[in-house]
Structure formats: C-alpha cells, structure tokens
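These numbers come from a predicted model, not from an experiment. Side chains are part of it too, since the values below use all heavy atoms of this structure and drop only hydrogens, waters and symmetry mates.
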Amino acid sequence: QVQLVESGGGFVQAGSSLRLACTASGRTFSNYPMGWFRRAPGKEREFVSAISGSGGSTVHADSVKGRFTISRANAENTVYLQMNSLKPEDTAVYYCAAATTAQAMRVALRYDYWGRGTQVTVSS
C-alpha cells in the first residue's frame, strides 16, 4: 500500500510563509521525480514545482518562481515546498505527487501516486 501524506497547510496573511511536507510510505521514490500541483476553487489543476530523484534538478511554474523552493530528503522519503511571499492567488489545495519512472516533471499525468491534498489559504 502506497500513501503520500501532505502536511503544513494553513490560513495566513499575504506576505507570509508556509512550508509544506509530503511523506511517502509503502515505496521508495528516491530514483524518480516528485512534484507539487495545486487546484484553486473553480480552476483546473496546475503544476507548481518538481524535483528530480537525486534532487539535482528543480523546476517551478513562472507564477511561483523566486518565491517557492522545492527540496527533498530521500532518506526520509519526503519532499518539501517552502512557500514565501504568499499571495491570495496562491490559495488552493496543494497536492503532492510521485512518479515511478523518469519523465517530464511538469506533466501531471506522468505521476502515478497522489496525496489527498492540504489546504493553503492566503488572505488579502
């Protein structure tokens, strides 16, 4: 049984920071990409950030570049998303995803496992 569990969401004011964490169990993902996606109310799911298996390569959506940083601790089977300078438009449910093959990291359908999500709400 594979599970991804997100944590760290909350309600914050614009300009604040949050750190999301996602811990996987049932399988090790150290050789493959992991990523973060989000879905705002009434909107489709969108890519946020992703990181390669080794942690040597990262990619971020233009909307969060310079504000969000993704990292991973493979010994703990965990990926993090440090979110700084949060804006109201960052309000969404954030989902952690893990792949089982090397792939294009921005594409949601390339990921095989997903967490249930954690709510991030940013007030104006």
Report, one line per pair, each donor and acceptor closer than 3.5 Å where one atom sits in a side chain of residues 39-57; sequence neighbours left out.
| from | atom 1 | to | atom 2 | distance (Å) |
| --- | --- | --- | --- | --- |
| E46 | OE2 | R38 | NE | 2.7 |
| E46 | OE2 | R38 | NH2 | 3.2 |
| S49 | OG | H60 | ND1 | 2.7 |
| S52 | OG | G56 | N | 3.3 |
| S52 | OG | S57 | N | 3.0 |
| S52 | OG | S57 | O | 3.4 |
| S54 | OG | G56 | N | 3.2 |

Can you give each donor-acceptor pair under 3.5 Å made by side-chain atoms of residues 19-36, sequence neighbours left out, with the distance rounded to 0.1 Å?
| from | atom 1 | to | atom 2 | distance (Å) |
| --- | --- | --- | --- | --- |
| T23 | OG1 | T78 | OG1 | 3.0 |

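The cluster map of Ile, Leu, Val, Met, Phe, Trp and Tyr, joined by side-chain heavy atoms under 4.5 Å apart, puts V93 and L86 in different clusters. V122 and L81 fall within a single hydrophobic cluster, where Ile, Leu, Val, Met, Phe, Trp and Tyr side chains are chained together by heavy-atom contacts under 4.5 Å. Placement of V12 and F68 within a single hydrophobic cluster is found when ILVMFWY residues are connected by side-chain heavy-atom separations under 4.5 Å, directly or transitively.
Pairing each heavy atom of E6 with each of G117, the nearest pair is OE1-N, 2.9 Å.
Grouping Ile, Leu, Val, Met, Phe, Trp and Tyr residues whose side-chain heavy atoms lie under 4.5 Å apart, directly or via other members, leaves F11 alone, with no other cluster members.
For T100, the side-chain hydrogen bond (donor to acceptor under 3.5 Å, both in side chains) partners at least two apart in sequence or on another chain are D112. Not counting sequence neighbours, Y94 has no partner by the ring-ring contact (aromatic ring centres under 6.0 Å, His included) test.
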Intermediate values then yes/no, side-chain contact (heavy atoms from CB on, under 4.5 Å), L4 and Y95: CA-CA 9 Å; L4 275 62; Y95 298 91; over 6 Å; no
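Between E76 and N74, the side chains place no donor N or O within less than 3.5 Å of an acceptor N or O (distance only, hydrogens not considered).
I70 contributes atom CD1, which lies 8.5 Å from atom CE of M105 (distance to the nearest 0.5 angstrom). For the atom pair S63 OG and D90 CG, the distance stands at 7.0 Å (nearest 0.5 Å). Once rounded to the nearest 0.5 Å, the distance linking CG of N84 with CG of L18 reads 9.5 Å.
Within the structure, side chain to side chain donor-acceptor pair (under 3.5 Å) contacts touching residues 113-124 (residues at least two apart or in different chains) are Q119-T121.
Taking 4.5 Å as the limit, every side-chain heavy atom of M83 sits out of range of all side-chain heavy atoms of V64.
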